[in-house]
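Everything quoted here is computed from the prediction, not taken from an experiment.
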Amino acid sequence: MAAEFAEAWALLAPASQAFWGTEAAFAAERAAFSAESGSAYRLSPPDRSAAALHQWLPIGFDGDTARTSVLTVVYPRIEDLAAGSNVFIVAPDRSGTWRIWVAR
């Protein structure tokens, strides 16, 4: 599982990496979340609507907004929707490398 966290860390945009500070902190938090949420999840279809982008793009977003999608992942094992879901922004950054921003 450590290799999966390392791969996920590498995909995160620098702004999202800064939230956790270190790869080790990210792996520890995500491992704890995974233990609680289990392996079941529901993934929304990519939402590229102006409304979704307006709602979820963080201030200072430096991705290509023309190629940005908002994805919501719901973990049904966690009853509290806010705690049991993540919102991810997926887009290429300025260099063209696809990255993930964690919006919630």
key: Y75 six-ring face occupied by R77 cation (under 6.0 Å, within 45°)   =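 No.
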
Could you check whether any side-chain heavy atom of [X] comes within less than 4.5 Å of a side-chain heavy atom of [Y], counting everything from C-beta outward?
| X | Y | answer |
| --- | --- | --- |
| L12 | W20 | yes |
| F26 | Q17 | no |
| V102 | F19 | no |

With clusters defined by side-chain heavy atoms of hydrophobic residues (ILVMFWY) lying less than 4.5 Å apart, directly or transitively, does [Y] cluster with [X]?
| X | Y | result |
| --- | --- | --- |
| V87 | V90 | no |
| V70 | W98 | no |
| I89 | I100 | no |
| W9 | F88 | yes |
| L11 | W101 | no |

ask   = At what distance, to the nearest 0.5 angstrom, does OH of Y41 lie from CD1 of I78?
value =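 Taking OH in Y41 and CD1 in I78, the distance rounds to 14.5 Å.
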
task = First locate atom OG1 of T68, then atom CZ of F61, and finally report the distance between them rounded to the nearest 0.5 Å.
result =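 If I round to the nearest 0.5 Å, the distance is 3.5 Å.
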
ask   = Of the non-hydrogen atoms in T65 and L53, which two are nearest, and what is the gap between them?
value =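 T65 and L53 have their closest heavy atoms at O-CD1, 4.1 Å.
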
query = How far apart are the closest heavy atoms of R104 and S85, and which atoms are they?
reply =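 Taking R104 first and S85 second, the nearest heavy atoms are NH2-OG, 2.7 Å.
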
Tell me if a side-chain donor or acceptor on [X] pairs with a main-chain N or O of [Y] at a distance below 3.5 Å.
| X | Y | answer |
| --- | --- | --- |
| R30 | A25 | no |
| R48 | A66 | yes |
| T97 | D93 | no |

